[in-house]
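Counting starts at 1 for both ligands and their atoms, following the listed order. On a predicted model such as this, the values are computed, not experimentally measured, just so you know. Count residues from 1 along the sequence.
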Amino acid sequence: MNVRITGTGSALPGKILTNAELEKSVDTTDEWITTRTGIKERRIAADGEYTSTFAAEASRRALAMAGVPPEEIDLIIIGTVTPDFPFPSTACIVQDLLGATNATAFDLSAACSGFLYGLSIAEKYIRSGAARKILVVGAEILSRIVDWQDRNTCVLFGDGAGAVVLEASEEADHSLLSTHTFSNGAHWNLLFQQGSGSRNPATASRTIDERLIYLNMEGNDVFKHAVRGMEEAAVRALNANGLSPADISLLIPHQANRRIIDATAKRLGIGSERLFINLHRYGNTSSASIPIALDEANHLGILKPDSKLLLVAFGGGFTYASALIKW
Ligand code: ACO
């Protein structure tokens, strides 16, 4: 059985936070943020907006494009590190919001690789015959776990969600050709959230140290591992399909940092004309970044029938992953 993406969707908060606005609250400059990261602005969720809000809206848009009613969905997978609650899963909340009454729903923790990990699991469900129609979503509200006083991290992240509908298909053309996932737990402590889990539970103190809640990152180390990991994941995808970088129509990388993306593309020999970038507008939205980019590229009409898309991600864990799609 082949696997086809039949719908894409994305949803972003309305509020835009520019680098110029950040200059007023932390010791930073538009020039520093732009040259070190490529980010110009990011979206920030408003009070009353949750991860499920954007996950559900992105899913509605993907379902509408696919022409699939919610009750036909067999499985909902949401990659997120900022769920509405530790439990129940945000996927169960989204199931309810959509009325996807026949779906099994769960969240997946793979940080910025969450969407591609989800795609990989969904692919296996469909190929095995266990499901025919699946929603895979990446959704985050990172603005609620970053320290807005820490210039090292607060300038990097943003909020939003992206979703795809995957369907079983008889056609070998226009399909998901492969997915690959990797983990390297030796470096779990280079990028993590210390507080609120079983090691530093919120119940341990009536006034849990707020800093434990914030995202913690060794930026320089993460940078080096990210470039190597994304290259490895991309090469594995190419080799598995007997393709070379010259065959790729568009590289859609996780949107973490312009310099990470450029270094990865350079190592692969993929020029800027075959590179999709939107992080200047959204910052790093973790698991949401690839499905948001895929949806934007789809709406821009730059995904042609037979385009070969290479998706690559890297994130906390460390986790990294790739997917090759014949559009
Ligand atoms: N504004 C102004 N100065 C800053 C800022 C800021 N926002 N942030 C840091 N600086 C300062 C530092 O304090 C340091 O000052 P010092 O030399 O006086 O100590 C100086 O700038 C250089 O800091 P570095 O950390 O060496 O800067 P670098 O060029 O490595 O860029 C960055 C930092 C952007 C975080 C980079 O390491 C990076 O992008 N790493 C990858 C991290 C990432 O993307 N993580 C996301 C999650 S993982 C993923 O999605 C792949």
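- The option from Ile33, Leu215, Thr285, Asn257 that lies nearest to atom 38 (C) of ligand 1, judged by heavy atoms, is Asn257.
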Checking salt bridge (Lys or Arg N to Asp or Glu O under 4.0 Å) for the pair Lys40/Asp30: CA distance, chi angles, key distance, verdict?
-> CA-CA 7 Å; Lys40 299 296 284 182; Asp30 172 47; 3.1 Å; yes

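- Of all the listed residues (Val222, Leu22, Thr28, Ile261), Thr28 holds the heavy atom that lies closest to atom 6 (C) of ligand 1.
- Using bins of under 30°, 30° to 60° and over 60° for the plane-to-plane angle, the ring pair His225/His187 lands in the tilted bin.
- The protein heavy-atom contact nearest to atom 28 (P) of ligand 1 is Arg36 NH1, 3.4 Å.
- Closest to atom 50 (O) of ligand 1 among all protein heavy atoms lies His254 NE2, 2.7 Å.
- Annotation for ligand 1: atoms under 4.0 Å from non-hydrogen atoms of Cys112 are 49 (C), 50 (O).
- For Val155, every heavy-atom contact with ligand 1 shorter than 4.0 Å involves the side chain, none the backbone.
- Contact check on Arg60 versus Glu57 returns a salt bridge, with a Lys/Arg side-chain nitrogen under 4.0 Å from an Asp/Glu carboxylate oxygen.
- Among protein heavy atoms, atom 51 (C) of ligand 1 sits closest to Phe314 O, 3.4 Å.
- For atom 40 (N) of ligand 1, the nearest non-hydrogen atom of the protein is Gly219 O, 3.0 Å.
- In this structure the side chain of Thr37 never reaches within 4.5 angstrom of the side chain of Arg258, judged on heavy atoms.
- When each of Asn19, Asp159, Asn284, Thr285 is tested with Arg42 by the rule side chain to side chain donor-acceptor pair (under 3.5 Å), just one qualifies, namely Asn19.
- Nearest protein neighbour of atom 33 (C) of ligand 1, counting heavy atoms only, is Trp32 CH2, 3.9 Å.
- Of the heavy atoms in Thr153, none comes closer than 4.0 Å to ligand 1.
- Looking at Arg151, Gln255, Glu31, Met217, it is Met217 that brings a heavy atom closest to atom 35 (C) of ligand 1.
- Protein heavy atom at the shortest distance from atom 31 (O) of ligand 1 is Arg259 NH2, 3.4 Å.
- Summarising the contacts of atom 46 (C) of ligand 1 with Asn284, Asp150, Val26, Ile39, the nearest heavy atom is found in Asn284.
- For ligand 1, the atoms lying closer than 4.0 Å to a non-hydrogen atom of Ala256 are 44 (O), 49 (C), 50 (O), 51 (C).
- If you check which protein heavy atom lies closest to atom 48 (S) of ligand 1, you get Leu191 CD2, 3.3 Å.
- At a heavy-atom cutoff of 4.0 Å, ligand 1 is contacted by both the backbone and the side chain of Asn220.
- Protein heavy atom nearest atom 9 (C) of ligand 1, with residue, atom name and distance: Asn152 OD1, 3.1 Å.
- With salt bridges taken as basic N to acidic carboxylate O contacts below 4.0 Å, none links Glu167 and Arg132.
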